[in-house]
Amino acid sequence: MRTAQPARAAVRPRAFWPRQPPLHAPQASAAPSGLQRLVWGYACLFLLGYLPGIWLGRTGNWEPGQQLAAYYLAKTSYHTTFSVWQWQFSAAFLQLAALYFCSFSALGCFFFLALFFLRGSFLGLCATCVLTAGESRGLACYWLLSSLPNLSVLFAGLWLAGYGSQLSTGLFQCIFAAGPPRGQLSAAWRRVSIRFLLCLLLAGAVSLVNAWLSVILAGVLL
């Protein structure tokens with residue numbers, strides 16, 4: 001008699017095509033990033049910095065403020081395009097470099113707040129001292145001669161600080177938390193470095209254009 005053979009397990013067909021992702025895969029959150037709100041906070045703190053600067057220069061008796069006003073309203077300060085470009089680009093470079101190096105600190109977000117606040121205080125002090133020394137005409141000349149580089153550095157600094165905050169937040173997570181995903185810090189470092197160089201290029205070009213305009217306007221207004 002032929003013995004009964006054990007039944008073989010049913011062979012499942014091999015999947016020759018890659019498995020399709022599930023239909024209900026989790027989607028990335030579309031909520032606005034907290035870093036964007038932080039950049040808006042930097043801008044608001046910059047504007048708030050004007051208040052202590054105005055308070056400090058309101059009397060006009062502060063000697064460094066008088067020297068600043070005399071420098072901005074002196075026609076000799078705008079005698080050549082290269083000299084004007086040199087001090088304007090130097091000021092822009094110092095501000096952008098400070099933001100760049102603060103990105104490599106775990107507490108960089110707090111340093112950004114302090115830098116934008118101090119920058120606003122300095123500009124408020126300059127405007128108040130110029131208004132005290134040269135009245136409304138002197139203030140109008142000051143804004144025409146320096147508003148373009150100041151605004152360009154402000155917007156470039158806010159753009160750079162947004163990416164610098166990502167790097168600073170990643171470093172903060174490495175120290176006080178489990179750390180960011182692998183490769184996130186190196187990518188953030190590259191983004192900040194590239195944007196720092198772009199900001200320097202933009203600041204140099206804007207300072208050159210403004211230096212040429214300042215020499216022409218100073219000959220008419222001062």
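- Around the CH2 atom of Trp159, the shell of radius 6.0 Å holds more than 12 heavy atoms that belong to other residues, nucleotides or ligands.
- The 12-atom threshold is exceeded at OH of Tyr71, counting heavy atoms of other residues, nucleotides or ligands nearer than 6.0 Å.
- Note that the CG atom of Leu118 and the CG atom of Leu123 stand 11.0 Å from one another [nearest 0.5 Å].
- Of all the heavy atoms in Ser136 and Leu131, the pair that sits closest is N-CD1, 3.9 Å.
- What you find for Pro52 and Phe117 is that their closest heavy atoms are CG-CZ, 3.7 Å.
- A pairwise comparison of heavy atoms in Val130 and Gly138 identifies CG1-O, 3.3 Å as the closest pair.
- In plain terms, the two heavy atoms of Val84 and Ser77 that are nearest each other are CG2-O, 3.6 Å.
- Remark: Leu113 CG to Leu38 CG distance equals 6.0 Å, nearest 0.5 Å.
- Both Val39 and Leu99 are members of a single hydrophobic cluster when ILVMFWY side chains are connected at heavy-atom separations under 4.5 Å.
- Leu160 CG to Phe155 CZ: the interatomic distance, rounded to the nearest 0.5 Å, is 15.0 Å.
- When atom types are taken as modelled, the side chain of Trp85 and the backbone of Gly204 share a donor-acceptor pair closer than 3.5 angstrom.
- Between the CG atom in Leu107 and the CG atom in Leu171 there is a gap of 10.0 Å [rounded to 0.5 Å].
- At distances below 3.5 Å, not a single donor-acceptor pair connects side-chain atoms of Tyr78 with backbone N or O atoms of Ile216.
- Hydrophobic clustering places Phe101 together with Leu200 (ILVMFWY residues linked when any side-chain heavy atoms are closer than 4.5 Å, directly or through intermediates).
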Starting from the C-alpha separation in whole Å, work towards a yes-or-no answer on side chain to side chain contact (heavy atoms under 4.5 Å, CB included) for Phe172 and Cys109. CA-CA 10 Å; Phe172 185 88; Cys109 293; over 6 Å; no

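- Counted within 6.0 Å of CH2 on Trp87, heavy atoms from surrounding residues, nucleotides or ligands total more than 12; the atom is thus considered enclosed.
- Side-chain contact check for Phe112 versus Leu45: every heavy-atom pair is 4.5 Å or farther apart.
- Distance alone, capped at 3.5 Å, is enough to place a donor-acceptor pair between the Ser168 side chain and the Ser105 backbone.
- Side-chain atoms of Asn210 do not come within 3.5 Å of backbone N or O of Ser146 as any donor-acceptor pair.
- Note on Leu202: it does not cluster hydrophobically with Leu154, by side-chain heavy-atom contacts below 4.5 Å among ILVMFWY residues.
- By the 6.0 Å and 45° rule, Arg195 stacks over the aromatic ring of Tyr163.
- No side-chain donor-acceptor contact under 3.5 Å links Tyr142 and Ser147.
- Considering CG of Leu56 and SG of Cys129, their distance stands at 7.0 Å, rounded to 0.5 Å.
- Taking hydrophobic clusters as Ile, Leu, Val, Met, Phe, Trp and Tyr residues chained together by side-chain heavy-atom distances below 4.5 Å, Leu51 shares a cluster with Leu115.
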Check the pair Phe122, Arg119 against side chain to side chain contact (heavy atoms under 4.5 Å, CB included), reporting the backbone distance first and the verdict last. CA-CA 5 Å; Phe122 178 76; Arg119 178 59 178 168; 3.6 Å; yes

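- Between Ala211 and Gln88 the shortest heavy-atom distance is N-OE1, 4.1 Å.
- The residue from Phe111, Phe46, Tyr42 that alone fulfils the ring-ring contact (aromatic ring centres under 6.0 Å, His included) condition with Phe116 is Tyr42.
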Verdict with supporting geometry, Thr80 and Val215, side chain to side chain contact (heavy atoms under 4.5 Å, CB included): CA-CA 7 Å; Thr80 62; Val215 172; 5.9 Å; no

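- Taking SG from Cys199 and CD1 from Ile194, the interatomic distance works out to 12.0 Å, rounded to the nearest 0.5 Å.
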Side chain to side chain contact (heavy atoms under 4.5 Å, CB included) for Trp143 and Leu139? Distances and angles first, verdict last. CA-CA 6 Å; Trp143 280 112; Leu139 183 62; 3.4 Å; yes

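- Ring geometry for Phe93 versus Phe196: interplanar angle of 30 to 60°, hence tilted.
- The two residues Ser103 and Val192 have their closest heavy-atom pair at OG-CG1, 4.1 Å.
- Note on Leu148: it does not cluster hydrophobically with Leu151, by side-chain heavy-atom contacts below 4.5 Å among ILVMFWY residues.
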